[in-house]
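Here's the structure, in structure tokens; my notes come after.
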Amino acid sequence: MKVLMGEVISLNRDDHWVHFPDGAICWDNEVIVDIGLRSEVVARYTDATIIDKSGCLILPGFIDCHLHFPQYEIMGSYGEELLGWLNKYTFPEEISFNQQDKAEKVARNLINNMLSNGTTCGVFFSSSSYKATQVLFKNLATLGLRGVVGKVAMDRFSPEELIVLPEDEYTQTKQLISEFHNKEGRLTYALTPRFAPTCTEALLEVTQKLRAEFPDLLLQTHYAENKAEIEWVQELFPQHKSYLEVYNHYDLLGDKTLLAHCIHVEDEDLKLLQKTKSKVVHCPTSNLFLGSGLFPYERFDEYSIDVGFGSDIGAGTKLSIWSNLLSAYEIQKMRGKSLSPKELFKLATLDSAKILGMQNKIGALEEGMQVDLQIIDPKKHKLLNDRFTRELSVEEKVFSLISLCDDRATDSVVVAGEFVCY
Ligand code: GUN
Ligand code: ZN
């Protein structure tokens, strides 16, 4: 058993702040068994190993519900909107992941960088390479980040080196599922058609078939990110009423479906998202960087559609979820709205856990949940430390972290009860 002492800040599943300025968390193997006042917790577990992080903040690890493994090294590529950016920077870079040594190097760097930013769970698009996807899974297992991974499926309007034909996609996907899905406690597979424009009908049918065979898998794709993208889908699929209806036609919607972006969405499609219980992933720094649009946050609330949170690197510009949350706040400000510190913090923790179906496992520091947490030392970050010299409420502290915090302030990170190296 271990007892970790410090200032605990979390949201519980009833939407209340859990705040113990002088607090402690006790865990046994991977699971939290107690959380509360330091003096009381310490007294209850006299045999436990004590880890004293006084002066530090203990928070749930972040969940990044959407990012691209093979785009780590093209973050900050200048000047394009989505379709130009894909052709000019993204596809050429993803081809280089057909080389195993490149995949190995980037997997290590990306995972370490995520951990050093306090992210303890990631939902990844790999490239279309079977081997690169194996490399990502293996590095996640070694380095200890919790992960959901999919080999991206694409078979048209992209360079030949990235195309995998539907029958090969079927075989390779099944192979990856049998090798990695739930084989190691923290890793699962997600079906990952890139987006409708780069998928033929035959590939969408293969995805439909795989989904029927493996109904417990998550499915991730992109949807309604950019106006030119939406017009293109209408040209490519004139028989379907809308972009979303294309996915619906192939039975790709449902409560295990994660749709990244969802910026330009009509009422009819909001109703369809609601009816199918499909999930939305908001990726604010990406939306700003590519000039895709301003996410209509409250519309999803109106229709009771669950929203989670993602960095979407390499179109996203920050791996730090704090920085992505600040962009989410600023986007709503530009729309004349305001997200509260609680809503923002919840987006990257409990809300994200919920869209992955993991709300009873991760996203909050509560008894019975997995020990996935980040420890922040304000003293390591000059500005944050200066900000924290005054008396702040828990909401003010969290919003200061959203505004100012980054990886400089990370002291250490725990996944499934183990301190990870990065
Ligand atoms: N739509 C299809 N592929 C991509 C991608 O790699 N990034 C983003 N942001 N949108 C996409
Ligand atoms: Zn994306």
Side-chain angles (χ1 to χ4, degrees), residues 64-77 79-97 106 110 114 122-129 132-133 136 148-159 162-164 190-200 203-204 207 218-233 236 243-244 246-247 252 257-264 279-295 308-319 324 327 331 352 355:
D64 187 338
C65 290
H66 182 90
L67 78 161
H68 295 259
F69 157 50
Q71 296 176 13
Y72 177 63
E73 290 190 357
I74 58 158
M75 287 171 75
S77 295
E80 301 288 331
E81 285 201 2
L82 174 64
L83 302 176
W85 176 84
L86 285 172
N87 287 318
K88 186 166 173 185
Y89 302 112
T90 314
F91 292 158
E93 178 69 4
E94 293 196 8
I95 292 171
S96 71
F97 281 69
V106 174
L110 169 62
M114 291 172 75
V123 184
F124 297 86
F125 277 54
S126 179
S127 72
S128 58
S129 156
T133 309
L136 177 57
V148 181
V149 174
K151 181 180 106 58
V152 85
M154 52 202 287
D155 68 341
R156 65 171 175 176
F157 299 120
S158 10
L162 293 179
I163 286 179
V164 175
L191 299 173
T192 307
R194 180 166 215 128
F195 67 156
T198 54
C199 299
T200 61
L203 187 62
L204 292 168
T207 312
L218 289 167
L219 181 146
Q220 55 179 347
T221 189
H222 298 93
Y223 162 63
E225 175 177 6
N226 166 288
K227 289 193 175 153
E229 169 209 12
I230 296 168
E231 281 168 25
W232 194 22
V233 173
L236 292 170
Y243 191 164
L244 196 64
V246 177
Y247 293 143
L252 304 185
T257 296
L258 313 176
L259 299 164
H261 305 301
C262 302
I263 299 171
H264 311 284
K279 314 296 180 194
V280 168
V281 189
H282 177 32
C283 305
T285 66
S286 164
N287 299 165
L288 291 171
F289 184 71
L290 294 178
S292 303
L294 304 178
F295 185 73
F309 202 66
S311 68
D312 191 31
I313 68 110
T317 52
K318 302 284 187 321
L319 272 176
N324 280 278
S327 291
I331 285 173
S352 283
I355 71 164

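Below, each value reflects all heavy atoms present in this structure, side chains not excepted, and no hydrogens, waters or symmetry copies. In each ligand, atom 1 is the first atom listed, and ligand 1 is the first ligand listed.
- Annotation: side chain of I313 is not in contact with side chain of M114 (no heavy-atom distance under 4.5 Å).
- Those atoms of ligand 1 with a heavy atom of D312 less than 4.0 angstrom away are 8 (C), 9 (N).
- Judged by distance alone, the side chains of D312 and H261 do bring a donor and an acceptor atom under 3.5 Å apart.
- Neither the backbone nor the side chain of T198 has a heavy atom within less than 4.0 Å of ligand 1.
- Contact of the Y223 side chain with the C262 side chain is registered, since non-hydrogen atoms from C-beta on lie closer than 4.5 Å.
- Interface of R194 with ligand 1, defined as ligand atoms under 4.0 Å from a residue heavy atom, comprises 2 (C), 3 (N), 4 (C), 5 (C), 6 (O).
- Ranking protein heavy atoms by distance to atom 10 (N) of ligand 1, first place goes to E225 OE1, 2.7 Å.
- Ring pair H222/F125 is tilted by interplanar angle, where 30° to 60° counts as tilted.
- Short contacts between ligand 1 and H261, defined as distances under 4.0 Å to a heavy atom of the residue, involve ligand atoms 9 (N).
- A 4.5 Å side-chain heavy-atom check between P193 and L219 finds at least one atom pair inside the cut-off.
- Side-chain contact between T198 and L162 is absent, with no heavy-atom pair separated by less than 4.5 Å.
- The closest approach between Q71 and ligand 1 falls below 4.0 Å for a heavy atom of the residue.
- Under the 4.5 Å side-chain criterion, counting only non-hydrogen atoms from C-beta, F195 is in contact with L86.
- The side-chain heavy atoms of S128 and I163, taken from C-beta on, include no pair separated by under 4.5 Å.
- Protein atoms of type N, O or S found under 2.8 Å from the Zn ion (ligand 2) total 4.
- At a 4.0 Å cut-off, at least one heavy atom of W85 sits close enough to ligand 1 to count as contact.
- With a 4.0 Å heavy-atom cut-off, ligand 1 is reached by no atom of E229.
- If you check each of E94, M154, H222 against atom 2 (C) of ligand 1, the one with the closest non-hydrogen atom is H222.
- Aromatic pair W85/F289: centroids not less than 6.0 angstrom apart.
- The aromatic rings of H68 and H66 stand perpendicular to each other, their planes meeting at an angle above 60°, with 30° marking the opposite boundary.
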